Protein chains: 4
Amino acid sequence: MQSKPPPRAAARRLPRDQRVAVILQTARSVLRDRGSEQFLTSEVAERCGTSEATIYKYFPTKRDLLIKAAEDWFEEFLSDDYPARTSGPLKDRLYHAIWWALSFIRREPALSRFVLMELRADPAYRTMRIYQQNREVVERVMGVVEDGRKSGIVRDDIPMRLMRDMIFGAIEHQTWAYLRREGDFSVDDSAGWITEVILGGIVVNQPADRHLSEAVDMLEKVTASLRKQAGPKR
Amino acid sequence: MQSKPPPRAAARRLPRDQRVAVILQTARSVLRDRGSEQFLTSEVAERCGTSEATIYKYFPTKRDLLIKAAEDWFEEFLSDDYPARTSGPLKDRLYHAIWWALSFIRREPALSRFVLMELRADPAYRTMRIYQQNREVVERVMGVVEDGRKSGIVRDDIPMRLMRDMIFGAIEHQTWAYLRREGDFSVDDSAGWITEVILGGIVVNQPADRHLSEAVDMLEKVTASLRKQAGPKR
Amino acid sequence: MQSKPPPRAAARRLPRDQRVAVILQTARSVLRDRGSEQFLTSEVAERCGTSEATIYKYFPTKRDLLIKAAEDWFEEFLSDDYPARTSGPLKDRLYHAIWWALSFIRREPALSRFVLMELRADPAYRTMRIYQQNREVVERVMGVVEDGRKSGIVRDDIPMRLMRDMIFGAIEHQTWAYLRREGDFSVDDSAGWITEVILGGIVVNQPADRHLSEAVDMLEKVTASLRKQAGPKR
Amino acid sequence: MQSKPPPRAAARRLPRDQRVAVILQTARSVLRDRGSEQFLTSEVAERCGTSEATIYKYFPTKRDLLIKAAEDWFEEFLSDDYPARTSGPLKDRLYHAIWWALSFIRREPALSRFVLMELRADPAYRTMRIYQQNREVVERVMGVVEDGRKSGIVRDDIPMRLMRDMIFGAIEHQTWAYLRREGDFSVDDSAGWITEVILGGIVVNQPADRHLSEAVDMLEKVTASLRKQAGPKR
DNA sequence: GATGAATGAGAGTTCATTCAT
DNA sequence: GATGAATGAACTCTCATTCAT
């Protein structure tokens, strides 16, 4: 016989808001531990010392609970935010933004996985708050690119959407195994390389280029020696 | 009252191979229509006019059926293959390979989705035939990069894995909405832009340009100083 | 057309303990009527006017239900217990204990059959409560034998295990047909004879008898020879 | 996909009798290896290189096959028989018969288990050939007891049925674990002890008995000395 | 005589969700 | 506001048995 459930731990008769908060927190922890596929309403109820019926009082559907929990979670992440870097060389700023996006995944793999692999598939995804939240992350990175464009550093023939796909495609691909709980990754390294390739591509400096820079070197020397030769001038 | 089920539509008593083929085809179509999560053996049985027991006669497990169906499907794609382009400029060859990978997704979104989002997560993925099949696609693209490296065109400081993640991350991200049945994409355009960015990055000024303009600057200074040195002329 | 199932007969919404009790009682009756091999959870559900899901709410497994039902059943038997007889002649005490064991089988053949023929074969049998319960019965009988040994009445060269096997082998064999619902047996008679044979064996001449008759023989001879020696007497 | 069954090994188109014989032999081996609960018609078919349909041509039912196989098996055992010992002391003959019954179990535990635990439960058991076969074994043992009775060695107040139950109850209980594949037993030891207890019971020679035999000893001495005293007589 | 193909009829579970109290 | 009780509706898988060829 199933052992009797332990007597409810949590306070009964919480005001609505608190009850909701408790449930959401618990749902978050279940989502973290089990992933969305093994997410059972019964486990949420058990962990927060309520009944499943109570949960269904506040959330019409398991999925609603799941989404709300994810959104709150995401919100929290966004609010204890690093300030975006808005000045400095483009490369540094891009690195910083990508690093930040990667660190989100690193810190909350379960949430990331749920958002990236489940919610994004939902037909209603675009109407969810979490869609907007996710956009914030994307915007922060793409904002840097946009700035680069405005100041003429970034090519303006490449569609923004493509650049976005490449950057976030790379981010997700790099973190795939980690999201699967099958490996780890270095936020710093990944951010570094992605930035590097995005900015400069994978093609070696052309030979022509090398010769030119040698030429520049020589000219610098010539210039310097001419200066000396000219003596203390004015 | 449920009226008696209509007599089985499909031919009964098929020879083994044909029955297997019918089941696999049907499974493929169910996978296409429903996705792997809503894939029911009962629906496969119904659609091909057999009983579920018959299906289980030939496939030990629902998952086995699913995988076998996917593998055959993939096989079919790989066999009416375009020849890989093995000569010509790196850019053309890379474009061609990426184009080919994209066209797979374009032609078989349901299959792609299943492979990319379900099977890849399976612990046994690496031991499946489909893993090898998928590798073929990846290898074909990365082979081009490798060649580029050997001939010194591609930077050899960037880890291959990163390049792979960027290319396929970009491919998958570009096709994401399409896999979700939410949009479309142009194989040609996507392939073109991905190639472009991967090879050259997103920054306007190629190093060659930068060096060149520095050189010009200096030459101007040198010229100016030589002029002064020459004294008041004319 | 199946007419709509009649509204559930049994009271709905029983408190947990009552529901569990109802299920256990029902399970017991199904076990009695069908035996463990034809024991269907669906029949239990039907008979007690619940759904199978309700049963699985309280019992994780069909087998668990079966075992719990058997254990409770056994418990009930053990609790309306006859006191063991702890004094008096060995024979009486052994008779009493065997009688008690037989009466268990007599009263609950279905349960006995399940325990003796199914559970005993279970790898986990030794860890079950019912194993302990069964031991109580065995111990009560063997305790008498043990006492007999201590007081020198019982031979101490025969392995206890063998004696146990003989006593319970005899008990089970005697009751076999009854367990099969094919006949009946008298608890009194069986107990009497088993006690008799176990204690004394099946051979007519007890050693005491043999010696006695030898002695008589010899005395007759002695008498005869003494008569001769005394000469022709009247 | 289930791998194709290997091409049939056995000759096709066997005459009826041979086919039946092959099936029966195979069924026996499956019964031996798997026990009757895991006995699958599919495995029989596979092992003897026929189809299940062929089996059903000759045996209307799985159970029929099982029974027929067991009967043939038993027959074989009975025919390469030890001759029963028909002379000598009762104890030796009983030992021999019990030993023989035990050795059957020892040699064919799977068959024994099937007969003792499955078939015996069948309502039609009494009408089966195997019931008669089993009786042969029982008779051989009980024949010895019967002889003992006739010659006055065995008590005639104990019901034969009880003696039978005690002897075979003891045999089965002793071999229980072995039939469960959980242990082993010594045919010699078991036979020895069972014989011992059955014949003599478990009670120590009574003290009275001891005194009597001492008395006999003394009388023998008296008789002897009287004889001497009487001198060479006649 | 032989068999490949096919299946009816379940079995045991699982879980999100409802509702009377 | 809270919940214990209850369940509908699936789902995957098994196997003895039948039948057209």
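As the structure is a prediction and not an experimental result, all values here were calculated from the model.
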*For C:Pro15, report the nucleic acid contact type (base, sugar-phosphate, nothing); a contact means any heavy atom under 4.0 Å.*
sugar-phosphate

*May I ask you to list the residues of residues 56-67 of chain D, by number, that have any heavy atom positioned under 4.0 Å from an atom of DNA chain F?*
D:Tyr56, D:Thr61, D:Lys62

Pairs: protein N or O with nucleotides 19-21 of chain E N or O, under 3.5 Å:
| from | atom 1 | to | atom 2 | distance (Å) |
| --- | --- | --- | --- | --- |
| E:dC19 | O2 | C:Arg13 | NH2 | 3.3 |

_How long is the straight-line distance from CG of D:Leu116 back to CE of C:Met117, given to the nearest 0.5 Å?_
9.0 Å

*side chain to side chain donor-acceptor pair (under 3.5 Å) partners for B:Tyr125, two or more places apart*: B:Asn134

_Among residues at least two apart in sequence or on other chains, which ones pass side-chain contact (heavy atoms from CB on, under 4.5 Å) with D:Glu118?_
D:Ser36, D:Glu37, D:Phe114

*List in chain and number order the residues that pass side-chain contact (heavy atoms from CB on, under 4.5 Å) with B:Thr41, two or more places apart in sequence or in another chain; answer none if no residue qualifies.*
B:Glu52, B:Tyr56, B:Lys62

*Dot-bracket notation for DNA chain E is requested: 5' to 3', Watson-Crick or G-U wobble pairs only, both distances under 3.5 Å, with ( ), [ ], | and . as defined.*
.||||||||||||||||||||

*Take the protein atom CD of A:Glu46 and the nucleotide atom P of F:dT3, then report the distance between them rounded to whole Å.*
14 Å

*Can you tell which of F:dA2, F:dG8, F:dC11 lies closest to the side chain of A:Thr54?*
F:dA2

*Nearest-Å distance for atom pair CD/P, residues A:Gln18 and F:dA2*: 10 Å

*Got a sec, which residues hit salt bridge (Lys or Arg N to Asp or Glu O under 4.0 Å) with A:Arg129, two or more places apart in sequence or on another chain?*
A:Glu71, A:Asp72, A:Glu75

*Roughly how far, to the nearest 0.5 Å, is CD of B:Gln25 from CH2 of B:Trp73?*
9.5 Å

*Whole-Å gap separating P (E:dG8) and CD1 (B:Ile55)*: 13 Å

*What are the residues of residues 29-41 of chain A, sorted by number, that bring a heavy atom to within less than 4.0 Å of DNA chain E?*
A:Phe39, A:Leu40, A:Thr41

_Are D:Glu43 and D:Asp33 packed together at the side-chain level, in the sense that at least one heavy-atom pair is separated by less than 4.5 angstrom?_
no

*Looking at A:Arg19, does any N or O in its side chain come under 4.0 Å of the phosphate oxygens OP1/OP2 on F:dG1?*
no

*Any side-chain heavy atom of B:Lys68 sitting closer than 4.5 Å to one from B:Val20?*
no

*Listed partners of B:Arg113 passing salt bridge (Lys or Arg N to Asp or Glu O under 4.0 Å), at least two apart*: none

*Contacts of type side-chain contact (heavy atoms from CB on, under 4.5 Å), residue C:Arg126, not counting sequence neighbours*: C:Tyr131

*Residues in salt bridge (Lys or Arg N to Asp or Glu O under 4.0 Å) with D:Glu108, at least two apart?*
D:Arg32

_Between C:Ser29 and C:Arg47, do the side chains contain a donor N or O and an acceptor N or O under 3.5 Å apart?_
yes

*How would you list, by chain and number, every residue that makes a side chain to side chain donor-acceptor pair (under 3.5 Å) with A:Thr26, sequence neighbours excluded?*
none

